[in-house]
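Since the structure comes first, as structure tokens, the remarks are kept for the end.
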Amino acid sequence: MHLILTGATGLVGSSVLEAMIRAKDVTKISVLSRRPIPFVEDAKNPKVNVIIHRDFQKYDANLLSQLSGAQGCVWALGISQTKVGKDDYVKITKDYSLAAAESFTALGEADRPFRFIYVSGEGATQEPGRFSAIFARVKGETEQSLADLTASSQGRLQADSVRPGFVDASQHDSIKPYIPNPGFLYNAGVGVLGPVIRNVMVGQHSPTPMLGSFLTEMAMGTKDSSLQSSGAVRLGPSWIVPNVAIRKAMGLKA
């Protein structure tokens, strides 16, 4: 199976890349990135192909030909709302995702829809309140727009959204050299809150080995049968998978 990945230099993307490499049924991985990826260079795995792509709002015929045969994508490209202004946050979080999903629909078929797995986050909502954070509003809008694209695709696209909670790589030594350092304040906060979430608020805990595997399996289409029973909910034809449902689907306590 041929899968696409974005955001491979980030925390979630690194965990997905490792999971895709380990997945025996994944025979080709096309990674879209603005720059070379140290993880890939060190892994030296022949099934990984990095495609340098500068504009995530455009997908021309040449690029789509390189992605021919792909059956799914994990869209892990994103940025914190604290690192950019509102306009750039909307562009990166929403516009890039929708442009890709719309373009990748051409890779699907009526009897085999292209699977687009959007990495959203806990707190995303389609019903934002007056004091909702920007990320909650924009990610919720993106989830809705992806569901609308799915509905209008004539069966060629299945776009689902996954909402991780506290993404934790503390026990994932193999990806630690490749993930960005979020800075002193974030690390200090994790040092205080991390043990509480891991041991008390377990439903909000997203250890990266679990999360990378789950997202990979979603892109492969092998988790469909367990989503509803795990607590995923429908948004039109799309699935919204909260963190509790991720954990249950992967056999972890929620």
Side-chain angles (χ1 to χ4, degrees), residues 1-8 12-13 16 19-20 23 25-32 49 51 53 55-78 90-121 124 126 138-164 214-228 230 232-242 245-246 249:
M1 178 177 286
H2 179 187
L3 297 180
I4 301 167
L5 173 63
T6 66
V12 174
V16 175
M20 286 184 176
D25 290 337
V26 177
T27 55
K28 183 177 181 179
I29 307 164
S30 292
V31 183
L32 302 182
N49 177 40
I51 301 172
H53 185 53
D55 188 347
F56 283 88
Q57 288 183 287
K58 295 181 180 179
Y59 299 84
D60 59 21
N62 178 59
L63 177 57
L64 290 176
S65 70
Q66 295 180 69
L67 301 175
S68 177
Q71 294 178 251
C73 170
V74 174
W75 191 266
L77 180 65
V90 171
K91 180 170 70 173
I92 295 168
T93 304
K94 181 180 179 181
D95 297 347
Y96 286 0
S97 307
L98 297 180
E102 187 171 8
S103 296
F104 295 167
T105 300
L107 302 173
E109 301 172 4
D111 60 345
R112 183 188 58 78
F114 183 87
R115 305 187 66 92
F116 188 91
I117 309 303
Y118 174 65
V119 180
S120 183
Q126 281 74 51
V138 175
K139 285 182 178 289
E141 291 173 355
T142 306
E143 292 175 349
Q144 182 64 64
S145 295
L146 288 170
D148 294 342
L149 276 176
T150 298
S152 63
S153 71
Q154 297 182 327
R156 299 179 69 186
L157 176 71
Q158 178 62 46
D160 300 313
S161 298
V162 177
R163 296 177 174 177
F214 179 79
L215 290 165
T216 298
E217 291 178 40
M218 282 289 291
M220 295 172 67
T222 58
K223 280 298 179 187
D224 291 359
S225 62
S226 65
L227 291 178
Q228 186 169 3
S230 298
V233 296
R234 285 288 193 181
L235 181 62
S238 297
W239 286 106
I240 302 294
V241 191
I246 300 172

Please list, one pair per line, the donor and acceptor atoms closer than 3.5 Å that link side chains of residues 99-107 to other protein atoms, with sequence neighbours excluded.
unit_1: Ser103; atom_1: OG; unit_2: Ala99; atom_2: O; d: 3.0
unit_1: Thr105; atom_1: OG1; unit_2: Ala101; atom_2: O; d: 2.8
unit_1: Thr105; atom_1: OG1; unit_2: Glu102; atom_2: O; d: 3.4

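- Residues passing the side chain to side chain donor-acceptor pair (under 3.5 Å) test with Gln126 are Glu143, sequence neighbours excluded.
- Among residues two or more places apart in sequence or in another chain, the side chain to side chain donor-acceptor pair (under 3.5 Å) test is passed with Gln158 by Asp160.
- Applying the side chain to side chain donor-acceptor pair (under 3.5 Å) test to pairs two or more places apart or on separate chains, those with a residue in residues 58-77 are Trp75-Ser97.
- Residues passing the side chain to side chain donor-acceptor pair (under 3.5 Å) test with Asp224, sequence neighbours excluded: Arg115.
- Evaluation of the side chain to side chain donor-acceptor pair (under 3.5 Å) rule for Gln144 yields Asp148 as partners, not counting sequence neighbours.
- Nearest approach of Leu215 to Val74, heavy atoms of both residues: O-CG2, 3.5 Å.
- Residues meeting the side-chain contact (heavy atoms from CB on, under 4.5 Å) test with Ala159, sequence neighbours left out: Phe116, Leu146, Thr150, Leu157.
- With sequence neighbours excluded, no residue satisfies ring pair (Phe, Tyr, Trp, His ring centres under 6.0 Å) with Tyr118.
- Residues satisfying the side-chain contact (heavy atoms from CB on, under 4.5 Å) test with Glu109, not counting sequence neighbours, are Asp111, Arg112.
- With sequence neighbours left out, Glu217 forms a side-chain contact (heavy atoms from CB on, under 4.5 Å) with Ser213, Thr222, Lys223, Met250.
- Residues forming a side-chain contact (heavy atoms from CB on, under 4.5 Å) with Pro164 (at least two apart in sequence, or on another chain): Val119, Val162, Val167, Ser206, Leu211, Asn243.
- In terms of modelled atom types and a separation under 3.5 Å, the side chain of Ser161 and the main chain of Ser120 share no donor-acceptor contact.
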